[in-house]
Amino acid sequence: MADKSDKSNRFKARLPRGLEDHTPGEIAATRAMIDRIRAVYELYGFEPVETPAIEYTDALGKFLPDQDRPNEGVFSFLDDDEQWLSLRYDLTAPLARYVAENFDTLPKPYRSYRVGYVFRNEKPGPGRFRQFMQFDADTVGSSSPAADAEMCMMAADAVEALGIPRGSYVVKVNNRKVLDGVLECIGLSGEANAGKRLTVLRAIDKYDRLGREGVAALLGAGRKDESGDFTRGAGLDTKQIQSVLGYIESPYLAHGGDIESALDSWGKAIGLSSTGKEGIAELKQIAALVRAANYGTDRISFDSSVVRGLEYYTGAVFEVDLTFSTDSQDGSPRFGSVGGGGRYDGLVARFRGEPVPATGFSVGVSRLLAALEHLGKIETEAARGPVVVTVFDKDRMADYQNMVAALRNAGIRAELYLGSGKFAPQMKYADRRKAPCVVIQGSDEKAKGEVTIKDLIVGAELAKLEKGREEHLQKQTQAQRAVPEARLVEAVREVLARHGIAPH
RNA sequence: GCAGCUGUAGCUCAGUUGGUUAGAGCGCCUGACUGUGGAUCAGGAGGUCGGUGGUUCGAGUCCACCCAGCUGUACCA
């Protein structure tokens with residue numbers, strides 16, 4: 001289709017925004033993260049289960065795309081049979097579908113984990129992608145706060161297993177019932193106030209970013225941002241605003257981390273709301289369980305401004321924030337939370353018609369990787385490549401292929417140079433592949449029944465040396481030496497061992 | 001979606017008050033080196049200056065609209 005003679009007709013190779021290609025180094029880092037998270041989840045007794053990336057749209061939520069806006073946030077398409085399908089936007093809704101569909105055969109409470117890509121059709125940004133990886137664990141069939149407490153502790157363990165030191169992250173806990181109680185207390189209950197409640201919750205959620213002034217503006221008439229754009233507020237009166245701010249700013253860590261009394265102070269904002277009281281009681285139980293297991297407030301803390309966006313949360317909600325991500329002054333992007341979750345008692349019930357309590361937690365693998373990469377706290381450089389066997393005489397390809405086979409049979413990653421270049425380009429290729437060494441056999445070596453092994457790592461050091469004759473000479477003998485053909489594997493192993501490189 | 005800023009080579013950017021043939025560094029390719037990568041030197045390829053229309057004798061430069069990117073904000077079930 002593309003016409004080579006006319007460049008303007010040539011297709012432009014380009015990636016849709018919000019999507020990412022992954023380099024070998026990033027893939028290796030992602031794998032390592034997955035392995036570590038999995039080890040923690042399995043230690044807690046969770047078992048794997050995975051579901052497809054595509055579900056019926058109505059299984060993902062109550063929302064159904066219409067003709068005008070079939071892709072509001074979710075990638076959707078019409079199947080042959082006129083039914084709407086969607087790419088999953090999280091791993092929780094599909095799990096609810098799976099549990100509901102296999103309810104009778106699963107042990108209850110059902111504990112399972114899964115990792116995979118999810119898709120959101122939203123505006124991308126730093127740490128925000130349209131395809132990204134999540135790693136979830138869920139407990140379905142337990143309404144006990146112990147299940148929620150376990151999620152928080154496991155979240156902390158998982159984050160630490162990823163090499164993020166204690167003090168550099170925090171698991172923040174809140175409860176939707178408390179928030180509902182606060183709203184009830186300022187007279188925002190009932191169907192008529194549904195829209196206003198959402199606006200208030202969104203405002204509360206922004207407290208750590210916008211601060212008191214910004215949230216007060218959003219709760220009242222509205223707020224103008226730094227670009228001059230105006231956001232309409234919730235239209236609360238002064239007394240209501242004071243009440244909400246009082247709740248957000250209640251001292252949740254006051255007096256040496258006395259969580260009991262701190263949570264009591266949240267209670268002032270919920271008045272007589274029974275829902276609110278329930279929420280406070282649940283939080284107190286979670287706090288007690290977590291403390292009994294010796295997780296201090298440096299790991300698991302309580303934060304009245306945590307809301308979480310997803311509408312399906314019904315009780316406890318958690319969020320994991322990196323505490324070192326906001327420390328650079330000007331141009332540092334905000335990455336947001338790197339994990340979250342909570343209690344979603346209504347999600348499975350939607351399919352079953354009977355109450356099925358559930359709670360879960362999700363690590364945002366892609367965002368966490370992006371954040372760590374941005375902070376320079378993770379290695380995403382490509383690892384060492386394979387040993388490269390170079391080609392001198394094209395007539396003797398079979399010989400070279402045999403050398404490669406001998407190395408592979410010994411469990412050493414090796415490849416034959418398959419390009420068309422002469423010798424120098426082959427060296428350059430091996431350099432780019434990060435090959436630890438190359439194997440060379442030209443006519444000289446062949447005549448003597450030898451092969452030359454060149455250590456590219458020592459060779460690189462050699463090039464940097466300026467003085468030190470002794471060291472230079474020693475390196476030179478290491479850098480390149482000829483050995484009998486029969487000792488090829490042995491000599492290559494020596495090179496790998498010298499640099500501590502695993503053969504495969 | 002709304003607002004602000006920005007679009008010149010693969011990347012980072014120069015480009016004088018509009019003036020002939022649009023430059024540099026890095027990277028890439030080739031060669032010096034018919035058997036040795038990272039160094040040095042020489043050469044080469046690579047641009048409808050984001051797009052369209054307008055003002056002008058003349059536009060990379062000025063104007064309008066469109067598109068894209070970035071940032072903020074909203075949305076994020």
Side-chain angles (χ1 to χ4, degrees), chain A residues 6-9 12-18 57-65 69 71-74 76 86 88-90 92-93 118-126 128-130 132 198-199 201-203 205-206 209-210 214 217-218 222-233 307-313 330-334 336-337 340 344 346-347 350 385 388 390-393 417 421-446 452-466 476 479-480 482:
Chain A
D6 183 354
K7 276 195 292 193
S8 63
N9 280 346
K12 184 169 169 104
R14 61 197 190 110
L15 186 64
R17 66 198 176 124
T57 300
D58 52 11
L60 294 179
K62 51 180 183 271
F63 163 81
L64 246 173
R69 307 192 310 175
N71 288 325
E72 185 70 8
V74 49
S76 303
S86 294
R88 61 187 178 192
Y89 56 80
D90 70 12
T92 309
V118 302
F119 306 84
R120 293 191 191 176
N121 195 3
E122 294 164 1
K123 184 189 159 187
R128 303 182 56 141
F129 313 103
R130 294 204 294 176
F132 58 97
L198 265 181
T199 309
L201 288 177
R202 284 168 191 152
D205 197 28
K206 293 176 175 62
R209 196 149 50 84
L210 302 181
L218 283 173
R223 173 177 177 271
K224 192 183 271 195
D225 72 40
E226 53 212 66
S227 70
D229 190 33
F230 183 75
T231 307
R232 263 193 65 173
V307 176
R308 300 298 300 161
L310 304 174
E311 208 175 67
Y312 52 63
Y313 290 127
D330 44 340
S332 179
R334 279 200 308 271
S337 63
Y344 50 97
L347 215 47
R350 226 162 38 90
V388 172
T390 57
V391 173
F392 246 97
D393 300 323
Y417 178 75
K422 294 179 180 172
F423 193 60
Q426 299 191 39
M427 291 302 296
K428 196 164 194 169
Y429 171 81
D431 188 41
R432 288 215 176 152
R433 286 301 313 272
K434 298 200 170 188
C437 62
V438 293
V439 175
I440 306 163
Q441 190 184 53
S443 50
D444 295 354
E445 288 93 344
K446 180 64 182 168
T452 295
I453 314 293
K454 173 157 183 170
D455 183 331
L456 294 185
I457 300 168
V458 173
E461 290 168 9
L462 194 59
K464 283 182 206 153
L465 283 181
E466 288 176 12
Q476 204 161 36
Q480 183 167 338

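To find a chain, count down the sequence lines: A is the first, B the second, and so on, and within it residues start at 1.
Summarising the geometry, the separation between CZ on A:Arg120 and C1' on B:C76 is reported as 7 Å, rounded to the nearest angstrom. Between the CD atom of A:Gln480 and the P atom of B:U36 there is a distance of 10 Å, given to the nearest Å. Between A:Phe392 atom CZ and B:G35 atom P the separation is 6 Å, expressed in whole Å. As rounded to whole Å, 9 Å separates atom P of B:C75 from atom CG of A:Leu218. Rounding to whole angstrom units, CD of residue A:Glu122 and P of B:U73 are separated by 16 Å. Regarding A:Arg433, its CZ atom lies at a distance of 19 Å from the C1' atom of B:U36, rounded to whole Å. Between the CG atom of A:Leu198 and the P atom of B:C75 there is a distance of 9 Å, rounded to whole Å. Summarising the geometry, the separation between CE on A:Met427 and P on B:A39 is reported as 14 Å, rounded to the nearest angstrom.
Of all heavy-atom pairs spanning A:Gly233 and A:Thr199, the tightest one is C-CG2, 4.1 Å. Taking both residues in full, the closest heavy atoms of A:Ala435 and A:Val388 are given as CB-CG2, 3.9 Å, listed atom of the first, atom of the second, then distance. Shortest non-hydrogen contact noted between A:Pro425 and A:Lys422 is CD-O, 3.3 Å.
Note on A:Thr390: nothing from the nucleic acid sits closer than 4.0 angstrom, heavy atoms only. Within 4.0 Å (heavy atoms only), A:Lys123 reaches at least one base atom of the nucleic acid. A:Ala424 comes within contact range of the sugar-phosphate backbone alone, with a heavy-atom separation under 4.0 Å but no base atom that close. At a threshold of 4.0 angstrom between heavy atoms, the contacts of A:Lys206 are confined to the sugar-phosphate backbone, with no base atom among them. Across all strands shown, A:Asp444 has heavy atoms under 4.0 Å from base atoms, whether or not it also approaches the sugar-phosphate. Across all strands shown, A:Lys454 has heavy atoms under 4.0 Å from base atoms, whether or not it also approaches the sugar-phosphate. Among the heavy atoms of the strands, none lies under 4.0 Å from A:Gln441.
Where pairing requires Watson-Crick or G-U contacts shorter than 3.5 Å, the helical stems of RNA chain B with at least three consecutive pairs are B:1-7 with B:67-73, B:10-13 with B:23-26, B:28-32 with B:40-44, B:50-54 with B:62-66.
Applying the side-chain hydrogen bond (donor to acceptor under 3.5 Å, both in side chains) test to A:Ser337 and every residue at least two apart in sequence or in another chain returns A:Arg308. For A:Tyr313, there are no side-chain hydrogen bond (donor to acceptor under 3.5 Å, both in side chains) partners, not counting sequence neighbours.
Remark: the separation of the P atoms in B:A59 and B:A68 is 27 Å, to the nearest Å. Across B:A9 and B:A24, the matching P atoms stand 14 Å from one another, rounded to whole Å. B:U40 and B:G35: their P atoms are spaced 24 Å apart (whole Å). Nucleotides B:A39 and B:G27, compared at atom P, are 8 Å apart to the nearest Å. With both ends at atom C1', the span from B:C13 to B:G60 equals 14 Å, rounded to whole Å. For the C1' atoms, the distance linking B:A42 with B:U8 amounts to 28 Å, nearest Å. One C1' atom belongs to B:A22, the other to B:U61, and the distance between them is 12 Å to the nearest Å. The same atom, C1', is picked in B:G46 and in B:C29; the two are 10 Å apart, to the nearest Å.
Nucleotides of RNA chain B nearest to A:Arg223 and A:Arg432 differ in position, and the one nearer the 5' end is that of A:Arg432.
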(request) Show your working on side-chain contact (heavy atoms from CB on, under 4.5 Å) between A:Tyr312 and A:Thr92 and close with a plain yes or no. (result) CA-CA 10 Å; A:Tyr312 52 63; A:Thr92 309; 3.4 Å; yes
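Contact check, A:Arg202 against B:U73: no side-chain N or O comes under 4.0 Å of OP1 or OP2. For A:Arg128, no side-chain nitrogen or oxygen approaches OP1 or OP2 of B:U71 to under 4.0 Å.
Rounding to the nearest 0.5 Å gives a distance of 8.0 Å between CG of A:Asp455 and CD of A:Glu461.
For A:Lys428, the side-chain atoms get nearest to B:C29 when compared with the rest of B:G35, B:C29, B:A77. Among B:G35, B:G37, B:A77, the nucleotide with an atom closest to any side-chain atom of A:Leu456 is B:G37. The side chain of A:Tyr89 has B:A77 as its nearest neighbour among B:U36, B:A74, B:A77.
Taking only distance into account, the side chain of A:Gln426 never meets the base of B:U36 through a donor-acceptor pair shorter than 3.5 Å.
For the pair A:Thr231 and A:Leu218, the minimum side-chain heavy-atom distance is below 4.5 Å.
For the pairing with A:Arg130, the side-chain contact (heavy atoms from CB on, under 4.5 Å) check across A:Arg17, A:Glu122, A:Arg120, A:Lys123 returns one residue only, A:Arg17.
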